[in-house]
Asks: 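This is the structure, below, for whatever I ask next.
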There are 2 protein chains.
Amino acid sequence: MSPDELRRFAYEAADWIAEYLSTLDERPVFPETRPGALRDALPARAPEQGEDMDTILRDFRERIVPGINHWNHPAFFGYFAISASGPGILGEMLAAALNVNAMVWRSSPAATELEDVTTAWLRDLLGLPEPFEGVINDTASSSTLYALAAAREVAYPEQRSRGLFGLPTGRVYASEQAHSSVEKAVLTLGFGREGYRAIPTDGAFRMDVGTLRRAMVEDAAAGVRPVAVVATLGTTSAAALDPVREIGAVAREHGAWLHVDAAYGGPVAILPEMRPRFVGWEEADSVVVNPHKWLFTPIDCSVLFCRRPEALARAFSIVPEYLSSVEQSEARSLMDYGVSLGRRFRSLKLWFVLRYFGREGIVARLREHMHLARELADAVEAEEGWELAAPQELGLVTFRFAPAGVGAEERDDLNRFVMDRVNASGTAFLTHTELDGRVALRLSIGNLRTEARHVERTWSLLKSEADAARAGIASALDEA
Amino acid sequence: MSPDELRRFAYEAADWIAEYLSTLDERPVFPETRPGALRDALPARAPEQGEDMDTILRDFRERIVPGINHWNHPAFFGYFAISASGPGILGEMLAAALNVNAMVWRSSPAATELEDVTTAWLRDLLGLPEPFEGVINDTASSSTLYALAAAREVAYPEQRSRGLFGLPTGRVYASEQAHSSVEKAVLTLGFGREGYRAIPTDGAFRMDVGTLRRAMVEDAAAGVRPVAVVATLGTTSAAALDPVREIGAVAREHGAWLHVDAAYGGPVAILPEMRPRFVGWEEADSVVVNPHKWLFTPIDCSVLFCRRPEALARAFSIVPEYLSSVEQSEARSLMDYGVSLGRRFRSLKLWFVLRYFGREGIVARLREHMHLARELADAVEAEEGWELAAPQELGLVTFRFAPAGVGAEERDDLNRFVMDRVNASGTAFLTHTELDGRVALRLSIGNLRTEARHVERTWSLLKSEADAARAGIASALDEA
């Protein structure tokens, strides 16, 4: 494809993107499709001869887009709602064209140093102190794996040569509400399920520090090595913020690494009024914050801040001759801090986003999201037959339809049914979770394009679907 | 940023990309910069107020681009030369705008199914049989880690619950020429350095199968569990192809998992005349092939094919309630096959690339790259004072300046010096390696824009720099 042709098609793609983003409101958030529909509609084999780009782009619009769950839709409230901002999209476009691989400084000086710069900017915005050094990974799952690998390096210096075989068992602690990626990391590192201990939470789904302390004392007495404690600032199910200062104190008593999973919640530390909720994270050994979650950056962009980057490098630095260079003593080699050798130029989009919005712009938008979430929570609390399933935190509302006289099992079914109806309507998209063993709906506000009307319309729809479902049950009972 | 503004800036970015790609030849491949130059030139903090996008894009052009090592330059011959083709860039642009996260089918039906489709297309192009299922990861380092985690799952069923503690030691085997990511994966999985055994190679830098067999027998007698054998098709230093069929036979004798690292070499299996070199890989348990290396796809796109996806899922599947969905029994959940939960829509660019080029287009370009490499190798062999450091394979030439009467140490310095001079000239970019303990230069041809003239010009420059260096040494000796 010649540069001129590429320009023409990129214009076409730009036109499509602009049209897409300005018509999101008219599209169903979740598509009308079923498993296998797209797969069955596409040829079983790659074409023999090349096809022209016009055809390919037409197929993109006509075949792919109708199968998209629109994460960029203002009424996408599932999982953690995110957004690809304009500057972020532009950053990805330019990064793809440059196609550099920031393994070491020599393989890409600008990408290496812009990662230094943008992660230092973010650290400063978040109020984390200088000893923290940032690297950008694909996801928080990887960031947490790398952090816990560094923790293992510290807890088991001898495993570097002989592995975990024959060594005393070790454990990582996190709350029952911690993200599944923590357990996945523990399994990947060879600790097994018994190497992970989930600590119960209090009534607000925050880790119970007294239980953590007792668990660690008990394990220490049994000869189990304390490897790491993971505190979460913004849990997936309830956006709860663990008491990180108290957790850190317990971790330090046992010489365990403190990792903070602030993948979702981290960005709100930029708000001065929220900073007190984060006190203690500045003493952590590592912290993960995902700009691709609540900082308007297209996926993927997960920043792992580490106060002991030398432990990360001990876990991961292997420099074969073909990757050695004269600059390796003068500049960071980003490949030294994780599994992935190849690294896209992810800092470019983050640089664009941080500059385009500025600190004030970010603060205003995060406040607005939290305000919308608070308003919905107030409405839920005021509505008969509905309840919050957890205290409202950050941009998340976790709630359920809980009409009087309906048993717990049936209530679960009702909530799933109502969610499915709302999702099938195309008006909004929500996901669910379980809290205290019971189904709860999650409505997460984190998209730049979300306005009060999107939340209000969704809340109205939830109520009317719930009423209809209840009426249906009542009439079914009457008939029976 | 309004959709209209985004369109305007995307046009501007498209104009820049077109101009960039059409003027690459005039740019120095490696920039005139030093460690810290960019970092020192940028502000220490993020801006307080948002900045306008015109300013940001100007800074991109004026500050970032001058620090770029141009991987898309036709005379970029370092590491493994790659290219971001036009369709690939368009794919990334659209994927960034959609910003979907393909964790499970429900979170993105189209992205999940297009990953099914494109990896099936690629499997078919490569001649791998149907039992292989593909997933797209960021890098081969991750793909290999995931494959070896599945191997560990099979070799140590008991570790799932209690970890590796107290279990007999285990080992992964690969050749001394295997990529550093294999050892990194072994360390990450908790096997330690002793869990990795590097097998010597033959004169052509292929794994010596006799030595492998003896090593595995010896280890088995000592009670070491055989976990996996990694065969490489296209090693980093010499592009050597390990005898994968013979290696597979040995692995099977010991019940070890066979993983094939064809991250670089894999795509040439699309060429019928090359297929015989791959015989045996179709019996592997897992194979990694990177379209972002030699298949014109922008980084990152690494396909892990696995014949036993259920073992991968045993290693990685954890389904918390907030990720459960009714479709999980009908469609693959891509999160089940690796560490990263979040997954970009990487199949979109791969779909664009495979369709735009078609099988014939891919074949023609790979043949041309191999032809250019063969021609350079012939020229090196014909040139007095120069030698191939390894048999020429695939798109790589590994060679050195080896004038008569120059000692080995001095020869190493000479080669490094010549490479640094060529790189400093901006005309071309090469990297080096070590083979048989001695420095060798690597010239890798894999960029769509590379023509014979780029290789010829680089070869001329290498010779003239070498002659000048030798003359300098001679005159220095005369003076002494």
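Throughout, a chain's letter reflects where its sequence line sits, starting with A, and its residues are numbered from 1. Heavy atoms only: backbone and side chains are in, while hydrogens, waters and symmetry mates are out.
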Asks: What part of A/Ala13 gets closer than 4.5 Å to chain B, counting heavy atoms only: side chain, backbone, both or neither?
Replies: both
Asks: Do A/Glu113 side-chain atoms and B/Gly36 backbone N/O form a donor-acceptor pair below 3.5 Å?
Replies: yes
Asks: Is it the side chain or the backbone of A/Phe357 that comes within 4.5 Å of chain B heavy atoms, both, or neither?
Replies: backbone
Asks: Does any backbone or side-chain atom of B/Leu122 lie under 4.5 Å from a heavy atom of chain A? Answer side chain, backbone, both or neither.
Replies: neither
Asks: Of the backbone (N, CA, C, O) and the side chain (C-beta and beyond), which part of B/Leu348 lies under 4.5 Å from a heavy atom of chain A, both, or neither?
Replies: side chain
Asks: Work out which heavy atom in A/Pro3 is nearest to a heavy atom in B/Ser22; give both atom names and the distance.
Replies: CG-CB, 3.8 Å
Asks: What are the two closest heavy atoms between B/Trp105 and A/Pro35, and how far apart are they?
Replies: CZ2-N, 3.3 Å
Asks: Rounded to the nearest 0.5 Å, how far does OH of B/Tyr322 lie from OG1 of A/Thr431?
Replies: 11.0 Å
Asks: Counting only non-hydrogen atoms closer than 4.5 Å, does A/Asn72 touch chain B with its backbone (N, CA, C, O), its side chain (CB onward), both, or neither?
Replies: both
Asks: For B/Leu187, is it the side chain, the backbone, both or neither that has a heavy atom under 4.5 Å from a heavy atom of chain A?
Replies: both
Asks: Non-hydrogen atoms of chain A under 4.5 Å away: do they reach the side chain of B/Ala149, the backbone, both or neither?
Replies: neither
Asks: Go through B/Glu51 and A/Tyr356 one step at a time and tell me if the side chain to side chain contact (heavy atoms under 4.5 Å, CB included) criterion holds.
Replies: CA-CA 5 Å; B/Glu51 299 180 78; A/Tyr356 182 80; over 6 Å; no
Asks: B/Pro31 versus chain A, heavy atoms under 4.5 Å apart: side chain, backbone, both or neither?
Replies: side chain
Asks: Please report the closest heavy-atom contact between A/Val100 and B/Trp71, naming both atoms and the distance.
Replies: CA-CD1, 3.7 Å
Asks: Between A/Asp124 and B/Ala46 (side chain of the first, backbone of the second, donor and acceptor by atom type, cut-off under 3.5 Å), is there such a pair?
Replies: no
Asks: What part of B/Ile64 gets closer than 4.5 Å to chain A, counting heavy atoms only: side chain, backbone, both or neither?
Replies: both
Asks: Can you say whether A/Leu57 sits under 4.5 Å from chain B via the side chain, the backbone, both, or neither, judging by heavy atoms?
Replies: side chain
Asks: Side chain, backbone, both or neither: which part of B/Pro43 has a non-hydrogen atom closer than 4.5 Å to chain A?
Replies: both
Asks: Do you know which two heavy atoms are closest between B/Asn99 and A/Pro298, and how far apart they sit?
Replies: OD1-CA, 3.4 Å
Asks: Under 3.5 Å, is there a donor on one side chain and an acceptor on the other for B/Ser340 and A/Ser142?
Replies: yes
Asks: With a 4.5 angstrom heavy-atom cut-off, could you sort out which part of B/Arg343 is near chain A: side chain, backbone, both or neither?
Replies: backbone
Asks: Quick check for you: among B/Ala140, B/Ser141, B/Ala331, which has the greatest number of heavy-atom pairs under 4.5 Å with chain A?
Replies: B/Ser141
Asks: Checking heavy atoms, do the side chain of B/Phe345, its backbone, both or neither come under 4.5 Å from chain A?
Replies: side chain
Asks: Is it the backbone or the side chain of B/Asn423 that comes under 4.5 Å from a heavy atom of chain A, or both, or neither?
Replies: side chain
Asks: Is it the backbone or the side chain of B/Asp300 that comes under 4.5 Å from a heavy atom of chain A, or both, or neither?
Replies: both
Asks: Examine whether an atom of A/Phe60 lies under 4.5 Å from a heavy atom of chain B, and if so say whether it belongs to the side chain, the backbone or both; otherwise answer neither.
Replies: both
Asks: Can you say whether A/Ser324 sits under 4.5 Å from chain B via the side chain, the backbone, both, or neither, judging by heavy atoms?
Replies: both
Asks: Assess the residue pair A/Met93 and B/Phe9 against the criterion (side chain to side chain contact (heavy atoms under 4.5 Å, CB included)); give the C-alpha distance rounded to whole Å, side-chain angles, the decisive distance to 0.1 Å, and a yes or no.
Replies: CA-CA 11 Å; A/Met93 182 179 169; B/Phe9 292 119; over 6 Å; no
Asks: Check each atom of B/Ser161 against the heavy atoms of chain A and say whether the ones under 4.5 Å are side chain, backbone, both or neither.
Replies: both
Asks: Contact part of B/His179 toward chain A, heavy-atom cut-off under 4.5 Å: side chain, backbone, both or neither?
Replies: both
Asks: Cation-pi check, A/Arg162 to B/Phe191: give yes when NZ or CZ is under 6.0 Å from the six-membered ring centre and within 45° of the ring axis, no otherwise.
Replies: no
Asks: Could you go step by step and tell me if A/Arg344 and B/Asp138 meet the salt bridge (charged side-chain N to carboxylate O under 4.0 Å, His left out) rule?
Replies: CA-CA 9 Å; A/Arg344 297 197 306 130; B/Asp138 61 340; over 6 Å; no
Asks: Would you confirm whether A/Arg152, through its side chain, and B/Thr188, through its main-chain N or O, come within 3.5 Å as a donor-acceptor pair?
Replies: yes
Asks: Sort A/Leu21 into side chain, backbone, both or neither according to what part of it lies under 4.5 angstrom from a heavy atom of chain B.
Replies: both
Asks: What is the distance from atom CZ of A/Phe316 to atom OG of B/Ser180, rounded to the nearest 0.5 Å?
Replies: 13.0 Å
Asks: Can you tell which of B/Asp116, B/Asn290, B/Asp420 has the highest number of heavy-atom pairs within less than 4.5 Å of chain A?
Replies: B/Asp116
Asks: Take A/Arg355 and B/Thr55 through the test side chain to side chain contact (heavy atoms under 4.5 Å, CB included) and record every step on the way to the result.
Replies: CA-CA 10 Å; A/Arg355 290 188 65 182; B/Thr55 309; 4.0 Å; yes
Asks: Counting only heavy atoms closer than 4.5 Å, note whether A/Ser325 contacts chain B via side chain, backbone, both or neither.
Replies: neither
Asks: Evaluate B/Leu341 against A/Thr139 for side chain to side chain contact (heavy atoms under 4.5 Å, CB included), listing each step before the verdict.
Replies: CA-CA 7 Å; B/Leu341 168 61; A/Thr139 60; 5.8 Å; no
Asks: What pair of heavy atoms forms the shortest contact from A/Met1 to B/Pro87, and how long is it?
Replies: CE-CD, 3.7 Å
Asks: List the atom of B/Gly190, the atom of A/Gln159, and the distance in Å for their closest heavy-atom pair.
Replies: CA-OE1, 4.3 Å
Asks: Counting only heavy atoms closer than 4.5 Å, note whether B/Thr144 contacts chain A via side chain, backbone, both or neither.
Replies: neither
